[in-house]
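What you are looking at is a predicted structure, and each value in this text was computed from that prediction instead of being measured.
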Amino acid sequence: MLNSKQRAKLRSLVSKLEPTLIIGKDGLTETVLIQLDKELTARELIKVSVLESSEMDAKECLHKASIKLGAEEVNSIGRKFSIYRFSTKKGVKHIDLN
């Protein structure tokens with residue numbers, strides 16, 4: 001569980017990122033969840049964009065994805081959201097949350 005200081009640090013880091021994944025009209029499918037899992041393992045912190053034609057909004061996608069992937073909700077603004085999960089993969093540059 002992230003505290004407010006850690007969440008603020010992640011929000012400042014994610015503001016500089018471009019979305020690495022776009023969720024389309026089908027919403028949060030198994031394929032999208034697999035891709036999100038791969039991205040989180042490789043990067044720890046990612047930004048995702050949700051198309052207007054999607055059946056789900058960004059907050060709903062963020063909440064469901066965080067539960068299914070065991071990740072932390074960072075923030076959701078408009079059609080974009082960011083999500084964080086510590087990676088145990090070797091060679092990943094870890095984000096210092098202290």
Side-chain angles (χ1 to χ4, degrees):
M1 188 82 182
L2 296 173
N3 62 37
S4 61
K5 189 174 182 179
Q6 291 169 327
R7 195 174 310 281
K9 181 171 184 173
L10 289 173
R11 278 195 308 262
S12 72
L13 292 172
V14 83
S15 68
K16 301 168 189 141
L17 298 178
E18 289 296 318
T20 58
L21 189 66
I22 298 173
I23 297 177
K25 68 176 184 165
D26 294 331
L28 207 57
T29 62
E30 257 329 288
T31 308
V32 171
L33 285 170
I34 290 168
Q35 189 61 36
L36 275 170
D37 185 52
K38 288 179 183 176
E39 293 285 335
L40 284 169
T41 301
R43 294 187 175 88
E44 292 190 337
L45 178 66
I46 59 171
K47 184 187 279 188
V48 180
S49 181
V50 181
L51 295 180
E52 284 187 39
S53 61
S54 176
E55 60 186 33
M56 301 170 76
D57 66 1
K59 287 183 182 181
E60 192 178 2
C61 285
L62 173 59
H63 184 68
K64 286 186 178 183
S66 66
I67 290 171
K68 290 191 179 222
L69 298 172
E72 297 285 340
E73 298 179 16
V74 177
N75 71 342
S76 173
I77 299 174
R79 306 294 301 169
K80 295 184 172 99
F81 69 86
S82 53
I83 190 167
Y84 168 81
R85 183 180 70 194
F86 182 79
S87 178
T88 57
K89 183 178 178 183
K90 291 188 180 200
V92 173
K93 184 179 178 189
H94 296 290
I95 299 170
D96 182 23
L97 293 176
N98 295 325

Subject >> Arg43 side, atom CZ; Ile83 side, atom CD1 - distance, nearest 0.5 Å >> reply: 14.0 Å

Subject >> side-chain contact (heavy atoms from CB on, under 4.5 Å) partner of Arg7, chosen from Lys9, Arg11, Lys5 >> reply: Arg11

Original post:
What's the shortest heavy-atom distance between Pro19 and Lys80, and which atoms?
Top reply: CG-CE, 3.6 Å

Subject >> Transitive ILVMFWY side-chain link Ile34 to Leu40, under 4.5 Å >> reply: no

Subject >> Residue pair Thr29 / Val32, side-chain heavy-atom distance below 4.5 Å >> reply: yes

Subject >> Heavy-atom closest pair, residues Ser66 and Glu73 >> reply: OG-OE2, 3.2 Å

**OP:** State, to 0.1 Å, how close Lys59 and Ser76 come at their nearest heavy-atom pair, and which atoms those are.
**Re:** CG-OG, 3.3 Å

**OP:** List the steps, then state whether side chain to side chain contact (heavy atoms under 4.5 Å, CB included) holds for Leu13 with Ile95.
**Re:** CA-CA 9 Å; Leu13 292 172; Ile95 299 170; 3.6 Å; yes

Subject >> Co-membership, hydrophobic cluster, residues Val48 and Leu62, 4.5 Å side-chain >> reply: yes

Original post:
Rounded to the nearest 0.5 Å, what separation is found between the CG atom of Asp96 and the CD atom of Gln6?
Top reply: 9.5 Å

Original post:
Can you tell me how far the CD1 atom of Ile23 sits from the CD atom of Glu55, to the nearest 0.5 Å?
Top reply: 10.5 Å

**OP:** Rounded to the nearest 0.5 Å, what's the gap from CG on Leu33 to SG on Cys61? Could you check?
**Re:** 9.5 Å

Original post:
Should Glu44 and Tyr84 count as side-chain neighbours, where that means a heavy-atom distance under 4.5 Å?
Top reply: yes

**OP:** Sequence neighbours left out, what passes side chain to side chain donor-acceptor pair (under 3.5 Å) with Thr41? Give chain and number order.
**Re:** Arg85

Subject >> Distance in Å, Leu97 CG paired with Leu10 CG, rounded so as to fall on 0.5 Å steps >> reply: 5.0 Å

**OP:** Please report the shortest heavy-atom distance between Gly27 and Met56, naming the atom on each side.
**Re:** CA-SD, 4.2 Å

**OP:** Using the test side chain to side chain donor-acceptor pair (under 3.5 Å), find all partners of Glu72 that sit at least two apart in sequence or belong to another chain.
**Re:** none

**OP:** Compare every heavy atom of Ala42 with every heavy atom of Val92, then report the nearest pair and how far apart it is.
**Re:** CG1-O, 3.8 Å

Original post:
Under a 4.5 Å side-chain heavy-atom rule over Ile, Leu, Val, Met, Phe, Trp and Tyr, are Phe81 and Leu69 clustered together?
Top reply: yes

Original post:
Same cluster for Leu36 and Leu51 if Ile/Leu/Val/Met/Phe/Trp/Tyr side chains link at under 4.5 Å?
Top reply: no

Subject >> Nearest atoms (heavy-atom pairs only) where Leu17 meets Lys47 >> reply: O-NZ, 3.0 Å

Subject >> Side-chain touch Asp57/Val50, heavy atoms, less than 4.5 angstrom >> reply: no

Original post:
Nearest 0.5 Å, what's the CD-CD1 distance between Glu18 and Ile46?
Top reply: 14.0 Å

